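Any value given below was found using the heavy atoms of this structure, including those in side chains, with hydrogens, waters and symmetry copies removed. Given the structure is predicted, the values throughout are model-derived calculations rather than measurements.
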Amino acid sequence: MTSPIISPSILSADFAQLGAEVRAVSEAGADWIHLDVMDGHFVPNLTFGPAVVKALRPHSTKPFDVHLMIAPADPYLAAFAEAGADTISVHVEAGPHIHRSLQTIRALGKRAGIALNPGTPASAVEPLLDLIDLVLVMTVNPGFGGQSFIPSTLETITRIRAMAGGRPLDIEVDGGITPDTVALAARAGANAFVAGNAVFKGGPAGYADRIAAIRAGAGGDAVSC
């Protein structure tokens with residue numbers, strides 16, 4: 001049984017001091033750093049682009065887990081790779097040639113991820129399983145932090161874990177993750193967990209305790225992949 005992977009989302013961090021926030025969660029026990037990139041078109045919010053990812057890269061040695069909520073994504077893949085992303089996840093709906101997008105990410109030397117919105121069926125992943133390292137299951141509708149976990153997404157997680165068979169596939173969940181909901185996602189088959197408000201709310205003094213609480217909530221239930 002592998003240890004659960006905790007990936008704090010800087011969408012909930014203090015944007016006035018992002019470098020310090022990334023250092024703080026890295027030192028507090030984060031396994032990955034989750035970076036939510038939004039374009040105001042594919043999702044109804046704007047965040048940041050490759051320049052911010054590049055600026056943050058010196059502040060942590062942790063893998064950068066970059067989630068592109070943008071359409072089209074293909075023109076920006078190289079820029080995010082060069083900025084320091086380790087995993088780049090794109091949505092099935094972000095372009096007409098998702099195979100090509102995933103092949104490009106792999107060709108850039110990065111881990112390739114596919115992201116599913118709550119209304120996207122698990123079957124969308126099946127033709128892509130041999131091209132991906134990670135499936136990111138959105139457990140809220142993308143665009144804003146602080147939303148409540150959508151329970152129906154648990155079946156999506158379970159179905160994807162079954163499809164994966166023996167493949168070394170990370171299944172990551174993003175949205176409404178707390179020490180309580182993380183246990184549900186872990187039992188369904190997830191092994192990586194994005195947490196925003198559940199980590200950052202309350203400031204740096206509590207980051208280590210909050211990360212530990214989320215890890216404990218998933219501990220013993222996270223699937224070894």
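The closest side-chain donor-acceptor pair between Ser9 and Asp36 falls under 3.5 angstrom. Looking only at atom types and distance, the side chain of Asp65 has no donor-acceptor partner in the side chain of Thr87 under 3.5 Å away. Looking at Glu27 and Tyr207, their side chains never bring a donor and an acceptor atom within 3.5 Å of each other.
To the nearest 0.5 angstrom, Phe80 atom CZ is 9.0 Å from Leu35 atom CG. The distance from the CG atom of Leu68 to the OH atom of Tyr76 is 11.0 Å, given to the nearest 0.5 Å. Rounding to the nearest 0.5 angstrom, the gap separating the CD1 atom in Ile177 from the CD1 atom in Ile214 is 8.5 Å. Atom CD1 in Ile6 sits 13.0 Å away from atom NE2 in His34 (nearest 0.5 Å). Here the CZ atom belonging to Phe64 is positioned 7.5 Å from the CD1 atom belonging to Ile10, to the nearest 0.5 angstrom. To the nearest 0.5 Å, atom CG of residue Asn141 and atom OG1 of residue Thr153 are 10.0 Å apart.
Side chain of Asn117 to main chain of Thr120: no donor-acceptor pair is present (N/O by atom type, distance under 3.5 Å, no hydrogens or angles). Arg57 places a side-chain N or O within 3.5 Å of a backbone atom of Gly84 that can act as its donor or acceptor partner. Between the side chain of Arg100 and the backbone N or O of Pro96, no donor-acceptor pair lies under 3.5 Å. Between the side chain of Arg215 and the backbone N or O of Pro4 there is at least one donor-acceptor pair closer than 3.5 Å. Under a 3.5 Å cut-off, the side chain of Thr181 and the backbone N or O of Gly176 do form a donor-acceptor pair.
The minimum heavy-atom distance between Ile33 and Ser60, with the atom names listed, is CG1-OG, 4.1 Å. Nearest heavy-atom pair, Arg106 versus Ala112, reported as atom, atom and distance to 0.1 Å: CG-CB, 4.1 Å. Across all non-hydrogen atoms, the minimal contact from His67 to Asp174 is ND1-OD2, 3.7 Å. Looking at every heavy atom in both residues, Pro127 comes nearest to Ser123 through CD-O, 3.5 Å. The minimum heavy-atom distance between Asp39 and Val43, with the atom names listed, is OD1-N, 3.7 Å. The two residues Arg161 and Ala188 have their closest heavy-atom pair at CB-O, 4.5 Å.
The residue from Leu11, Leu56, Val37 that alone fulfils the side chain to side chain contact (heavy atoms under 4.5 Å, CB included) condition with Phe48 is Val37.
Under the 4.5 Å side-chain heavy-atom criterion for ILVMFWY residues, no single connected hydrophobic cluster contains both Phe193 and Ile150. When hydrophobic clusters are built by joining Ile, Leu, Val, Met, Phe, Trp and Tyr residues whose side-chain heavy atoms come closer than 4.5 Å, directly or via intermediates, Phe15 is grouped together with Val22.
Here the side chains of Arg167 and Asp130 are in contact, with some heavy-atom distance below 4.5 Å. In this structure, Thr104 and Asp74 have side chains that are not in contact, with every pair of non-hydrogen atoms separated by 4.5 Å or more. Counting heavy atoms from C-beta on, the side chains of Leu134 and Ser89 come closer than 4.5 Å. Arg111 is listed as a side-chain neighbour of Asp170, based on a closest heavy-atom distance under 4.5 Å. Contact annotation: the side chain of Ile211 approaches that of Pro8 to within less than 4.5 Å [non-hydrogen atoms, C-beta and beyond].
The pair Asp86-Lys62 does not meet the salt-bridge criterion, since no charged nitrogen lies less than 4.0 angstrom from a carboxylate oxygen.
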(request) Evaluate the side-chain contact (heavy atoms from CB on, under 4.5 Å) criterion for residues Asp180 and Phe149: first the C-alpha distance (whole Å), next the side-chain angles of each, then the deciding distance (0.1 Å), finally the verdict. (result) CA-CA 10 Å; Asp180 296 321; Phe149 185 89; over 6 Å; no
